[in-house]
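These notes are about the structure you will find just below.
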Amino acid sequence: MSFGSLFDSAMLPYGVPAMVGGKPLFNSPALSLALQTNMEAQRDGSVLPVVTSVGSGDTAARNKEDENDCRSGSDHLDGLSSDELEPPGNSRKRKKRYHRHTPQQIQELEALFKECPHPDEKQRAELSKRLCLENRQVKFWFQNRRTQMKMQMERHENTLLRQENDKLRAENMSIREAMRNPICNHCGGPAMLGEVSLEEQHLRMENARLKDELTRVCALAGKLLGKPVSSMSTLSLPMPNSSLDLAVGTNNFASPLPTLNDFPNNASSPLGTVITPTRGAAANAMIGVDKSLERSMLLELALAAMDELVKMAQMEEPLWIPWLEGGKATLNYEEYLRSFNRCIGVKPVGFVSEATRETGVVIINSMALVETLMDSARWSEMFSCVIASATTIEVLSSGMGGSRNGALQLIHAELQVLSPLVPIRDVNFLRFCKQLAEGCWAVVDVSIDGIRENASALADNMKCRRLPSGCLVQELPNGYCKVTWVEHVEYEEVAVHQLYRPILRSGLGLGAHRWLATLQRQCECLAILMSSSSPTTDTTTITASGRRSMLKLAQRMTDNFCAGVCASSAHKWSKLVGAGNVGEDVKVMTRQSVDEPGEPPGVVLSAATSVWVPVAPQRLFDFLRDERLRSEWDILSNGGPMQEMAHIAKGQHHGNSVSLLRASAVNSNQSSMLILQETCTDPSGSMVVYAPVDIPAMHLVMSGGDSTYVALLPSGFAILPDGPGISGSTTAIGDGETKVGGSLLTVAFQILVNSQPTAKLTVESVETVNNLISCTIQKIKAALNCDV
DNA sequence: GAACTAATCCCTT
DNA sequence: AAGGGATTAGTTC
């Protein structure tokens, strides 16, 4: 009789293992006593158990036995060797009896695991009954299986990372090799020094990244292997160690701000954990190399741009030459070229530069501002009068540790000056965000024209590239922050009408001044809208939801107005060519409106032009937004004054508001007409946009209804100060003679010329709109006592 | 000795 | 109390 058979007799019915109350019966005093006697017997040799024949070697026989048995091996003591039998009295430290579940059991367990790695108690109980396993055994099995699974996943990931690392290393080697004999791409001769240093910069970047990746892989490998793996032992690079120590973005200047490397990035790269997607197929290898090369070039560009932006924002003279008035300054180009390597290459022939800087306090907290800048949708909403459209093409890094620090994305944007005489600026740029210190952030933009082809650029858009531009944000107490904005672009000037060249060159059109003023105005608006729980400033009482609805409608109106002036790619305007006797400077476009919610169906005509008016921008703006003087230029006024029915303030300045105007009726039978108007102004420019609206629709909106289906076609004005050297007019103010500039006024109308979308546009309707524009301009000039 | 696996300990939720 | 991570212990190759 074997020990096995002894234990067999201890089996409970149905093959349930010999366990009592969840504990092995082995611990039962009665049984251990029984065992003891047998063990002693075994030692004596008096009762030699069959064990000897089953003993150490005969696994095959045992395995076979296991297979035929419907029970776990846990109660088999067949294989128990004598030294596993513990001495008497040491019963607390029980020995484990090793076994494996039978293949059938494992098969069943695996089957369930495949379906559901987390079976509930019921499923487990059912399985344990079926497989003659203890409940806990099933539980343990699943638990172990899950950890095993996790291990496998991690290991797999580790292999992939290693492969990636190898690939990058090979790539680095080839670049290194290529650098040894630099050859000029154009002439085939030895390359110039400048090109080599560019290559060297790439290598530095690559090296930093490789080093990083290696540390990460080693850390992971170490974790899996349970012992530290030295990067130097796994990698014997045939190069001096010092080459690995080249820092990223080395500073040539003593910057008062810490560099990126000073932040606790630990083992991560400046962009956070960059895991390049793995591409298994060999055919993709080259694309992969190209991709990762491109990626590192983009990263390098972003870092260089950041470096430049921070310096541009902080350096004073001689880099910046201060203006006499205000805090403005112009860039000293000679000094600029001395101080910086042109990180996007030399200025193309025919391009002119525009560089401005502006500092101001904005009512927004620094994090919210950074978030807004890093979200292209929110960004374009914030600067809606400057940005015609903006899309994030690719997010290269979303930042590290849940913050925007290190975030890098590729953005396509169309920037506009509200005038048909200035083509839209089409730009593809990188936007890189970096935390410089606690509460201090920098967001830099830089064009990538040299790295990626600007495929989406439309033919009639202005060719433009952004040199490192952006802002430094410094958190201030009470929800304010100090913003330093730098705007530096190069663009093709021939496409710009003469009238607008000075203002663009001076940066008043799309420079730092304009961006910052827009930001200040919009943030003030947001702050007011969020704080105004009691609409005390309103002339009428509109509910909160009504105000929201109305503001939303006004926003759509203004956006459509801007789109009509500048024809961004987001809107399907088609330019009208050969439009009869339409003046050279009036841009006429048409569009078929079919099933557009929020617009009447039919053929929509948009006409816009810009003129110079010898009147200060402020005076022009005040005149145009005054509802009482409306009859002087607006045919919708029916010759009388208009009345303000509702007013929602959007800023401290009374000129920032959305209002509802009522025109006087021509006669008593006619119901009066409503006009929705939005006006906005800041030191960089102003706008008056309005549209006639349906009375019942407006009632719906003001009671908080959905404004999406309210049809409107906006018209209005955009006012910019004229550039230096345009007006030259001087006006005596008080006792001193102050130079007062004139204004650049853009007038734009959108009208429905036919309610049949398929109708052909007639010469008459073009003439009508042309007349409308010239009449309006004449009336305005006359009212302001300008020479007509 | 490394890889695998059942079981245990101990901690968190 | 359940579940998971770390660890242990027994086994196989």
Side-chain angles (χ1 to χ4, degrees), chain A residues 3-4 7 11 15-28 32 35 39 51-52 54-67 69-87 90-159 162 219-229 233-234:
Chain A
F3 276 85
F7 264 75
M11 288 285 290
V16 176
M19 303 274 182
V20 172
K23 299 207 165 175
L25 205 48
F26 209 12
N27 279 345
S28 142
S32 59
L35 255 176
M39 286 169 193
V51 171
T52 43
V54 188
S56 48
D58 199 352
T59 49
R62 198 149 32 91
N63 283 345
K64 200 174 172 218
E65 191 186 321
D66 279 352
E67 275 165 35
D69 253 340
C70 175
R71 73 192 124 142
S72 88
S74 59
D75 39 3
H76 282 223
L77 286 184
D78 305 23
L80 212 59
S81 63
S82 54
D83 36 313
E84 279 175 292
L85 300 168
E86 40 192 296
N90 201 3
S91 62
R92 214 200 65 79
K93 187 188 161 206
R94 68 202 124 101
K95 285 261 172 179
K96 259 184 241 164
R97 292 146 302 161
Y98 186 80
H99 67 276
R100 289 189 184 203
H101 301 326
T102 66
Q104 290 102 313
Q105 287 171 327
I106 290 174
Q107 201 182 328
E108 295 246 12
L109 287 162
E110 288 281 8
L112 180 60
F113 183 81
K114 230 181 244 169
E115 278 176 41
C116 155
H118 268 275
D120 58 23
E121 219 158 340
K122 220 181 239 172
Q123 287 173 291
R124 288 202 311 261
E126 195 268 331
L127 198 63
S128 79
K129 205 174 214 176
R130 198 145 48 86
L131 301 177
C132 309
L133 283 171
E134 224 189 317
N135 240 328
R136 0 183 291 130
Q137 285 180 298
V138 177
K139 193 176 82 178
F140 289 146
W141 189 88
F142 273 94
Q143 213 162 74
N144 286 323
R145 191 70 183 77
R146 283 192 297 262
T147 41
Q148 188 195 21
M149 202 64 167
K150 213 175 110 187
M151 274 288 275
Q152 282 170 351
M153 300 277 278
E154 278 176 7
R155 203 169 315 169
H156 183 65
E157 197 183 354
N158 196 10
T159 339
R162 265 178 192 286
L220 191 56
K223 215 170 80 187
L224 287 171
L225 299 174
K227 63 181 180 194
V229 177
S233 69
T234 51

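Please read these numbers as outputs of a predicted model, since none were measured by experiment. Here is how names work: the chains are called A, B, and so on, in the same order as the sequence lines, proteins then strands, and each is numbered from 1.
With sequence neighbours left out, the side-chain hydrogen bond (donor to acceptor under 3.5 Å, both in side chains) criterion links A:Gln143 to no other residue. A:Arg146 is linked by a salt bridge (charged side-chain N to carboxylate O under 4.0 Å, His left out) to nothing, counting only residues two or more places apart in sequence or in another chain. Take A:Glu126 and apply the side-chain hydrogen bond (donor to acceptor under 3.5 Å, both in side chains) test, not counting sequence neighbours, and it matches A:Arg130.
Aromatic ring pairs are classed by plane angle as parallel below 30°, tilted from 30° to 60° and perpendicular above 60°; the pair A:Phe113 and A:Phe142 is tilted.
In this structure, the side chains of A:Val138 and A:Leu131 stay at 4.5 Å or more apart for every pair of heavy atoms.
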Can you pull every protein N or O that's under 3.5 Å from an N or O on nucleotides 3-6 of chain C?
| unit_1 | atom_1 | unit_2 | atom_2 | d |
| --- | --- | --- | --- | --- |
| C:dG4 | OP1 | A:His118 | ND1 | 3.3 |
| C:dG4 | OP1 | A:His118 | NE2 | 3.0 |
| C:dG4 | OP2 | A:Arg146 | NE | 3.3 |
| C:dG4 | OP2 | A:Arg146 | NH2 | 2.3 |
| C:dG4 | N7 | A:Gln143 | NE2 | 3.1 |
| C:dG5 | OP1 | A:Lys150 | NZ | 3.0 |

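Distance CD1 (A:Ile106) to C1' (C:dT12): 13 Å, rounded to an integer number of Å. What separates CZ of A:Phe140 from P of C:dT7 is a distance of 18 Å, to the nearest Å.
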